[in-house]
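When reading the values below, keep in mind they use all heavy atoms of this one structure, side chains included, and skip hydrogens, waters and symmetry mates. Residue numbering restarts at 1 for every chain, and letters A, B, ... go by the order of the sequence lines.
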Amino acid sequence: EAGVVQSPRYKIIEKKQPVAFWCNPISGHNTLYWYRQNLGQGPELLIRYENEEAVDDSQLPKDRFSAERLKGVDSTLKIQPAELGDSAVYLCASSTRPTETQYFGPGTRLLVL
Amino acid sequence: GQQLNQSPQSMFIQEGEDVSMNCTSSSIFNTWLWYKQDPGEGPVLLIALYKAGELTSNGRLTAQFGITRKDSFLNISASIPSDVGIYFCAGRGGSNYKLTFGKGTLLTVNP
């Protein structure tokens, strides 16, 4: 069974530029999560989707971050415009009932210059 | 908010030694998870614990869900060089799916 797929794996951009990350969850997993992991820290939740509905986006900085999961499968996380402090690893995870145990993708490493 | 204290922050051990790390929480959790993260990769699930007092093994790894539901430990027996990495504990409470992560334990194994 394929795991969570993310792309790109690495991205380097200049500040004020837009950037987008893509995630394909494990097949059959209805719940999808986006996390941000700063250097030396554990991941922190940005947004959680149940199918196509964002059910928890309380930690998403909505002035510059947006996400979508239009057909309840793949998801895209966007930052516009990017700031220096956005440099981090952006992780996608997915889960399913009954345990909702979360499985992570390899992440996208973002560097904002 | 919920906070997890994970210790130790780092460990340097010799190949063949046993390792123990733990996490404590200010809140009760219903699920404890242990992940390992290699450089440039995402966290990989090692062990999931769903009941207080549960003791679960995965090869050389053993983890327990504390009976107070506020702590968990992970043991690695007979360490090998490929055990090197960062180990994270994560807890989940109530009906909230949100995972709270510790800051990780960096394990270095000298061959």
If you tally heavy-atom pairs under 4.5 Å between each of A:Leu45, A:Leu91, A:Val4, A:Thr99 and chain B, the highest tally belongs to A:Thr99
Is the ring pair B:Tyr35/B:Phe101 parallel, tilted or perpendicular, if the boundaries are 30 and 60 degrees?
tilted
If one checks every heavy atom of B:Gln37 against chain A at 4.5 Å, the contacting part turns out to be side chain
task: Please tell me if the side chains of A:Pro43 and A:Tyr33 come closer than 4.5 Å, counting only heavy atoms from C-beta onward.
output: no
Here the ring-ring contact (aromatic ring centres under 6.0 Å, His included) pairs for residues 76-97 of chain A, sequence neighbours left out, are A:Phe21-A:Tyr90
State whether a side-chain donor-acceptor pair under 3.5 Å links B:Asn30 with B:Arg92. no
If one checks every heavy atom of A:Gln37 against chain B at 4.5 Å, the contacting part turns out to be side chain
### Message
Can you tell me how the ring of B:Trp32 sits relative to the ring of B:Phe65, calling it parallel under 30°, perpendicular over 60° and tilted otherwise?
### Response
perpendicular
Residues at least two apart in sequence or cross-chain that pass side-chain hydrogen bond (donor to acceptor under 3.5 Å, both in side chains) with A:Arg109, listed by chain then number, are none
If one checks every heavy atom of A:Thr31 against chain B at 4.5 Å, the contacting part turns out to be neither
Among residues 75-89 of chain A, residues within the sub-4.5 Å heavy-atom range of chain B, in order of number, are none
So ring-ring contact (aromatic ring centres under 6.0 Å, His included) across residues 69-94 of chain B, not counting sequence neighbours, yields none
Side chains of B:Ser57 and B:Thr62 only: does a donor on one sit below 3.5 Å from an acceptor on the other? yes
